[in-house]
Structures are given as C-alpha cells and as structure tokens.
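Every number for a ligand or one of its atoms is a count from 1 in the order of the listing. Atoms considered below: every heavy atom in the structure, side chains included; atoms not considered: hydrogens, waters and symmetry mates. Note that the structure is predicted; figures quoted are calculated from it, not measured.
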Amino acid sequence: MADPLIVKICGIKTYDMLDVAIAAGADMVGFMHFPRSPRHVSIDELGGLISAARGRIESCVVLVNPDNSSVAEVAALGPDWIQLHGPETPHRVEAIRAEAGVEIMKALPIGAAEDVAHVADFTEVADRVLLDAKPPKGADRPGGLGESFDWSLLKALDPAIPFMLSGGLTPDNVAEAIRSVRPLGVDVSSGVERAPGVKDRRLIEAFIRNARAAS
Ligand SMILES: O=C(O)c1ccccc1N[C@@H]1O[C@H](COP(=O)(O)O)[C@@H](O)[C@H]1O
C-alpha cells in the first residue's frame, strides 16, 4: 500500500488557524519567518506557535537563505522541520542540517526541464525536497505567490525521488495535481487564504478533504 499523503498547511500565523489545520486533519503546519512575506511571524510568535503545535502536529519553519545565527535561533525553538526556500546550495543545505539538528526540507523552484535535472543534487543533503513554482523575475519573494508550474515537467524526474508538491495549489486543483504527479505530499499557502496572509477555515477544510479523497 502507498504511504499516506502528507498535507502541509503553510503560512499559519494564529493559534486559531493552527487549531483549524489540526482539526481538519493536516499532517504539518508551516510558519514563515521572512519579513517580506505577508505570513511573517516574529521569533517570539514562532516560539509560541511551535510550542502550541508540539505533540499535536509536525511544525516547519520556513527560512530564506538564513545565516548561521538565524538557523541556531530558530532551531533552539524546537520545530520538527526547517524549510529552506531560498537559493541555498547543496553544500549550504548540508551545513544547515548539521548545524540545526532538525529535519530539513529543501524547496526547489521548477520552471523548466533543467530545474528538474537539478533536484537530484539535493536528495542526499536534505531529508525531503519540495518542488515549487519558479517565481517570476522581479518577484519580491521566492514563494507563496499562488503560482503553479507545468506539472508535466515532472515526468522527467527520477521516479525513485519522493517529493512534496507546492505552488498555486487550491481546493479546486489539488485532486488533479495528486492524480497527475503522485507526490509524497502537498503544501499550500495562498490557496487557503481569503486575502494575502489571512487563512480561511473553509478553504483549509476543503483543501484537506479534496486532497485526501484523491489519494
Ligand atoms: O508564503 C510566503 O510568503 C513565502 C515567502 C518566501 C518563501 C516561501 C513562501 N511560501 C511558500 O511557498 C510555497 C507555495 O506557496 P503558495 O501555495 O503558492 O502560496 C509554500 O511552501 C509556502 O509556504
């Protein structure tokens, strides 16, 4: 039997929405620590949210090209995962994993066949890879833009590489995404919001329901 689908709800900022994601059956929640994001939470807020998640759901802090002191500061809060969503090289991912002592998810931007070829460079240095849409030139952040990518590019990916899928997923397209690319898991942020940074309970519930039904 195939492993159960992992569903991650990212960009949670409030205790209410953390409770909603848990009650709706999510497996992971993500907290953004990146000031340019509409989902940014401060270090103090992160500490509280990670504690509230502990033992109830896996927590993941999303960082963009962090320096060693940010990694240490976040790792000390005890999240289950750190997601690296910037231009970190394989060497840097390996160093951060050693420094942090928590599981590392490496987000990789996919926009063309050459990006798919690059995924294998990260499978040994990260605990999991997350394939996201490549942001358009001039974007002010590397993710969380509600943009999807051409999933057919993933036909070229080595089928032995498990991956999470993100980028523009919504309650309406998540089932099709799962049937098309058979990911290990799905990750959503914008698609379960009613405005940038404002999560919506009904959208979270619909996303998880539709994802489970397709898996
Ligand atoms: O959410 C953000 O603002 C963000 C900023 C910087 C890096 C990553 C970010 N979000 C992550 O991007 C993917 C896809 O998001 P979406 O569903 O397309 O909005 C997801 O992992 C977000 O957490």
Using a strict 4.0 Å cut-off to heavy atoms of Ser37, name the atoms of ligand 1 that fall inside it.
-> 1 (O), 2 (C), 3 (O)

CA sep, side-chain torsions, deciding dist, call: Val93, Leu84, side chain to side chain contact (heavy atoms under 4.5 Å, CB included) | CA-CA 8 Å; Val93 172; Leu84 298 172; 4.1 Å; yes

Could you tell me whether Gly11 and ligand 1 have an N or O pair separated by under 3.5 Å?
-> no

A student checking ligand 1 against Gly168 at a 4.0 Å heavy-atom cut-off should list atoms 18 (O)

Who gets closest to atom 12 (O) of ligand 1 by heavy atom: Cys10, Pro142, Gly167, Gly144?
-> Gly144

Determine which pairs satisfy salt bridge (Lys or Arg N to Asp or Glu O under 4.0 Å) with at least one residue from residues 88-102, sequence neighbours left out, and list them in order.
-> Glu88-Lys106, Arg97-Asp127

Ignoring angles and geometry beyond distance, decide whether Phe34 reaches within less than 3.5 Å of ligand 1 through its nitrogen or oxygen atoms.
-> no

What heavy-atom pair brings Ile12 and Leu18 nearest, and what distance separates the two atoms?
-> CG2-N, 3.8 Å

With atoms numbered from 1 as shown, which atoms in ligand 1 lie under 4.0 angstrom from a non-hydrogen atom of Leu130?
-> 21 (O)

For ligand 1, note which part of Gln83 has a heavy atom under 4.0 Å away: side chain, backbone, both or neither.
-> side chain

Are any of the side-chain nitrogens in Asp27 or Lys8 under 4.0 Å away from the carboxylate oxygens of its partner?
-> no

Atoms in ligand 1 with a heavy atom of His85 nearer than 4.0 Å | 7 (C), 8 (C), 11 (C), 12 (O), 13 (C), 21 (O)

Quick one: does Val188 get a heavy atom under 4.0 Å from ligand 1?
-> yes

Winner among Met32, Lys8, Arg39 once heavy atoms are compared against atom 6 (C) of ligand 1 | Met32

Mark the output for Gly30 as yes if a heavy-atom distance to ligand 1 is under 4.0 Å, and as no if none is.
-> no

Among Pro196, Gly143, Ser190, the residue with a heavy atom nearest to atom 9 (C) of ligand 1 is Gly143

State, to 0.1 Å, how close Leu153 and Ala112 come at their nearest heavy-atom pair, and which atoms those are.
-> CD1-N, 3.8 Å

Which atom of Ile178 lies closest to which atom of Ala214, heavy atoms considered | CG2-O, 3.7 Å

NZ/NE/NH1/NH2 to OD/OE distance under 4.0 Å, Asp19 and Arg56 | yes

So, is Arg141 polar-close to ligand 1, with some N/O to N/O distance under 3.5 Å?
-> yes

Give a yes or no on whether the backbone of Pro196 and the side-chain of Arg39 come within a donor-acceptor separation of less than 3.5 Å.
-> no

Are Glu205 and Arg209 close enough for a salt bridge, meaning some N to O gap below 4.0 Å?
-> no

